[in-house]
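Only a predicted model underlies this, so the values are computations on that prediction, with no experimental measurement involved.
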Amino acid sequence: MKKFILAIESSCDDSSIAIIDKNTLKCQFHKKISQELDHGVYGGVVPELAARLHSEALPKILQQCKEYFNELCAVAVTNEPGLSVALISGISMAKTLASILNLPLIAINHLKGHIYSLFLEEKIVLDMGILLVSGGHTMVLYLKNDRSLELLASTHDDSFGESFDKVAKMMNLGYPGGVIIENLAKNAKLKNVCFNTPLKHSKGLAYSFSGLKNAVRLEILKHGELDEAMKAELAYGFENAACDHIMDKLEKIFSLYKFKHFGVVGGASANLNLRSRLQTLCEKYDTFLKLAPLQYCCDNALMIARAAVDAYENEEFVSIEEEILSPKNKNFSRI
C-alpha cells in the first residue's frame with residue numbers, strides 16, 4: 001500500500017522537499033537549498049530573486065526523489081502565508097506532480113507547519129501554549145483540546161526575527177541577522193549598552209519591536225563609526241532587550257494560563273539566549289518545555305510533510321483546479 005507523502009516548501013527563501021512515511025512518521029528524504037548568500041548581498045530577501053532561485057532549485061531536488069514516486073499517496077505544499085512569487089513556485093510544482101501521478105493534493109499553512117516541527121516523529125500534543133517567533137511572525141498561541149488555536153498575543157509591527165535582521169543591517173553585518181547578532185553578542189566585554197524593554201509597563205499582551213529598533217538606530221548614530229567592540233556591545237544590548245520583551249509578556253501569559261506543556265517554534269526560536277530564559281520560565285511554572293530540533297526551526301519541508309500526515313488522515317484535500325495561493329495568513333484557526 002502506498003504510504004509516502006511528498007511535501008514542498010517555498011514560502012520565502014528556502015527551497016525544500018521532504019518525504020515522510022504517513023504510518024511511522026519516519027523521514028524518508030529531506031533536502032533544503034538555502035538562498036541566504038544570494039539575498040545577503042541586498043541585506044534581506046528580494047522576492048523576485050527568491051522566485052527565480054526556487055524555479056532552479058526545486059526541480060533539482062525533485063529529481064532526487066524519483067525513486068519514491070511509485071509509493072506516494074499524496075503531495076503536500078505550503079500555500080500560505082509567504083511571498084506570493086515564492087509560494088507559486090512550490091504550488092505549481094505540487095499541482096503538476098499531483099496531476100501527473102494522479103494523487104490527492106494537500107495545502108498546508110506554513111505556520112501550522114512550524115507547530116508540527118515539535119512533533120516530527122510523534123503524535124501532536126493538545127492543550128498547550130506555543131510561542132512562534134520567526135522573521136515574519138511573533139505570536140503566542142493556545143492549542144486547545146478540540147485542535148482550535150486561540151491567539152493570545154502578537155506583534156503590532158516588526159517580528160522578533162525581523163528586528164534582528166534590521167539591526168544587523170543597520171550595522172552592516174549581513175543577512176540573516178539572527179545568528180550574526182547572537183554570535184556577536186557573545187563577544188561583548190563591558191555589557192554597558194542597555195535598552196529599555198518595550199511596553200514594560202503596559203498591561204496588554206501585544207509585542208512591539210519598532211521602538212527598540214529605533215533606539216538601537218539612535219545609539220548607532222551617537223557612536224558614529226563602529227569598531228568591533230562597540231558592535232558587540234550593541235548586539236548584546238539589543239538581544240537582551242528583545243528577549244526581555246518576549247519574556248515579559250510571556251510571564252503575564254503564564255500567570256493567566258496554567259500550561260502543562262509549552263512549545264517554541266520558528267526560525268528565531270534557535271536563539272540560545274531565548275531558549276535558556278524559556279527553560280527557566282517553564283521550570284518556574286512547572287511546565288514542560290518542548291523545543292523544535294535546531295535543524296528544523298527554520299523553514300523546511302519536513303514540518304510541512306508532518307502536518308500533511310494529519311491532514312491526509314482527515315481527508316483535507318484540495319482540487320488541483322482550485323486557487324490555493326494565499327500570501328496572507330487566512331487559515332490559521334485550527335490544527
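- The environment of NZ in K66 is sparse: at most 12 heavy-atom neighbours from other residues, nucleotides or ligands sit within 6.0 Å.
- Here the closest non-hydrogen pair linking I20 and L120 is CD1-O, 4.3 Å.
- The two atoms that bring M230 and H223 nearest to each other are CE-CE1, 3.6 Å, heavy atoms only.
- Heavy atoms from other residues, nucleotides or ligands lying under 6.0 Å from NZ of K252 number more than 12.
- Atom CG of N192 has more than 12 heavy atoms from other residues, nucleotides or ligands within 6.0 Å.
- Here the side chains of F164 and E239 are in contact, with some heavy-atom distance below 4.5 Å.
- For the atom pair T287 OG1 and L278 CG, the distance stands at 11.0 Å (nearest 0.5 Å).
- In this structure, OG in S148 is found 7.5 Å from CG in L143, a value given to the nearest 0.5 Å.
- With respect to the salt-bridge test (charged N to carboxylate O, under 4.0 angstrom), the residues D310 and K123 do not qualify.
- Between S15 and L58, the closest heavy-atom pair is CB-CD2, 3.9 Å.
- Here the closest non-hydrogen pair linking A235 and M171 is N-CE, 4.4 Å.
- The CD1 atom of I17 sits 5.0 Å away from the CE atom of M93 when rounded to the nearest 0.5 Å.
- A parallel orientation is assigned to the rings of F259 and Y257, their planes being inclined by less than 30° (bins at 30° and 60°).
- In this pair, H110 and H114 present their aromatic rings perpendicular. The plane angle is above 60°, beyond the 30 to 60° band.
- Summarising the geometry, atom OG1 belonging to T24 is positioned 6.5 Å from atom NZ belonging to K3; distances are rounded to the nearest 0.5 Å.
- Note that CZ of R275 and SG of C297 are 4.5 Å apart. Values are rounded to the nearest 0.5 Å.
- For K290, the salt bridge (charged side-chain N to carboxylate O under 4.0 Å, His left out) criterion is met by E122, not counting sequence neighbours.
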Mind running side chain to side chain contact (heavy atoms under 4.5 Å, CB included) on I5 and L72 for me, showing each step along the way?
CA-CA 6 Å; I5 297 175; L72 294 180; over 6 Å; no

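- In this structure, H156 has its ring center no closer than 6.0 Å to that of F209.
- In this structure, F4 has its ring center at least 6.0 angstrom away from the ring center of F29.
- Around the CG atom of N145, the shell of radius 6.0 Å holds more than 12 heavy atoms that belong to other residues, nucleotides or ligands.
- Taking the centre of each ring, H245 and Y207 come in below the 6.0 Å mark.
- Side-chain atoms of E251 and K284, non-hydrogen and from C-beta on, do get closer than 4.5 Å to each other.
- Residue L105 is grouped with residue I88 when hydrophobic side chains (ILVMFWY) are merged at heavy-atom distances under 4.5 angstrom, including chains of intermediate members.
- The shortest non-hydrogen separation linking S326 to E80 is O-CB, 2.8 Å.
- Annotation for Y68: atom OH counts as buried by contact number, over 12 foreign heavy atoms lying within 6.0 Å.
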Do any side-chain atoms of residues 174-188 form donor-acceptor pairs under 3.5 angstrom with protein atoms, and if so which ones, sequence neighbours left out?
residue : atom : partner : partner atom : Å
Y175    : OH   : D13     : OD2          : 3.2
E182    : OE2  : L272    : N            : 2.8
N183    : ND2  : V179    : O            : 3.3

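- In this structure, K144 NZ and R334 CZ are separated by 10.5 Å, a value rounded to the nearest 0.5 Å.
- Every residue two or more places apart in sequence or in another chain was checked for a ring-ring contact (aromatic ring centres under 6.0 Å, His included) with H137, and none qualifies.
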